[in-house]
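In what follows, a single structure is set out as structure tokens and then discussed.
Residue numbers run from 1 in the order of the sequence given. These numbers come from the heavy atoms of this one structure, side chains and all, not from hydrogens, waters or symmetry mates.
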Amino acid sequence: MTRALPIQALTALLLGAAAISAPAAAQNETAIKPGYWESTNKMLSPIRSTATEKRCITPADVEKFMAGPSNRHYKCTYPTRVIENGKITLKGTCLSKKGRKVAVNGTGDYTPTSFQITANIATEWAGIPLSGRASTEARRIADACPAPGTDAKS
């Protein structure tokens, strides 16, 4: 039985990757702005799925993302990380807590209030190579985040 990477894990992986920049860009006006963001995350292959989520990105989160993408599912390293002039290029490896290695190769575009990234991913499951394609499109929907425990409407 073959199992694909869960969309939530892949979503977190892509959203973390897309929200980062080179550390020197932390002071750069082209970095993403903190605020309330909505993202649509799609697994394009091998199995199609879509998930939309809203999340608060605080000024501290932007700094953390700029230091390098990692999330609760994966710790990622990107030897190739070019984020400048509105373009994103990432190539690296993410490692799950259980030791699963995922190769990531992504490209996209960004502005201070939006980003789009598409990535090819490759891993193995029980010795069987698996590959896929996923994308994240996100936009800043508000300057401020809603109060905790409330469901803000966009």
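Looking at every heavy atom in both residues, Pro59 comes nearest to Pro34 through N-CB, 3.6 Å. Nearest heavy atoms, Trp37 versus Thr113: CH2-C, 3.5 Å. The minimum heavy-atom distance linking Lys54 with Tyr36 is given by the pair CB-OH, 3.4 Å.
A heavy-atom distance below 4.5 Å is not found between the side chains of Cys145 and Thr58. Side-chain contact check for Phe115 versus Thr136: some heavy-atom pair is nearer than 4.5 Å. Contact of the Asp109 side chain with the Lys87 side chain is registered, since non-hydrogen atoms from C-beta on lie closer than 4.5 Å. For the pair Leu95/Thr77, no side-chain contact is recorded, criterion being any heavy-atom separation below 4.5 Å from C-beta on. Counting heavy atoms from C-beta on, the side chains of Thr118 and Gln116 come closer than 4.5 Å. Residues Ile128 and Glu124 have side chains not in contact (no heavy-atom distance under 4.5 Å, counting atoms from C-beta outward).
A distance-only check finds a donor-acceptor pair linking the side chain of Thr123 to the backbone of Lys101 [under 3.5 Å]. Distance alone, capped at 3.5 Å, is enough to place a donor-acceptor pair between the Ser96 side chain and the Lys98 backbone. Proximity of a side-chain donor or acceptor of Ser45 to a complementary backbone N or O of Arg133 within less than 3.5 Å is detected.
Residues forming a side chain to side chain donor-acceptor pair (under 3.5 Å) with Ser114 (at least two apart in sequence, or on another chain): Thr111.
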Yes or no on side chain to side chain donor-acceptor pair (under 3.5 Å) for Thr40 and Glu38, after CA distance, side-chain angles and deciding distance?
CA-CA 7 Å; Thr40 300; Glu38 179 179 72; 5.4 Å; no
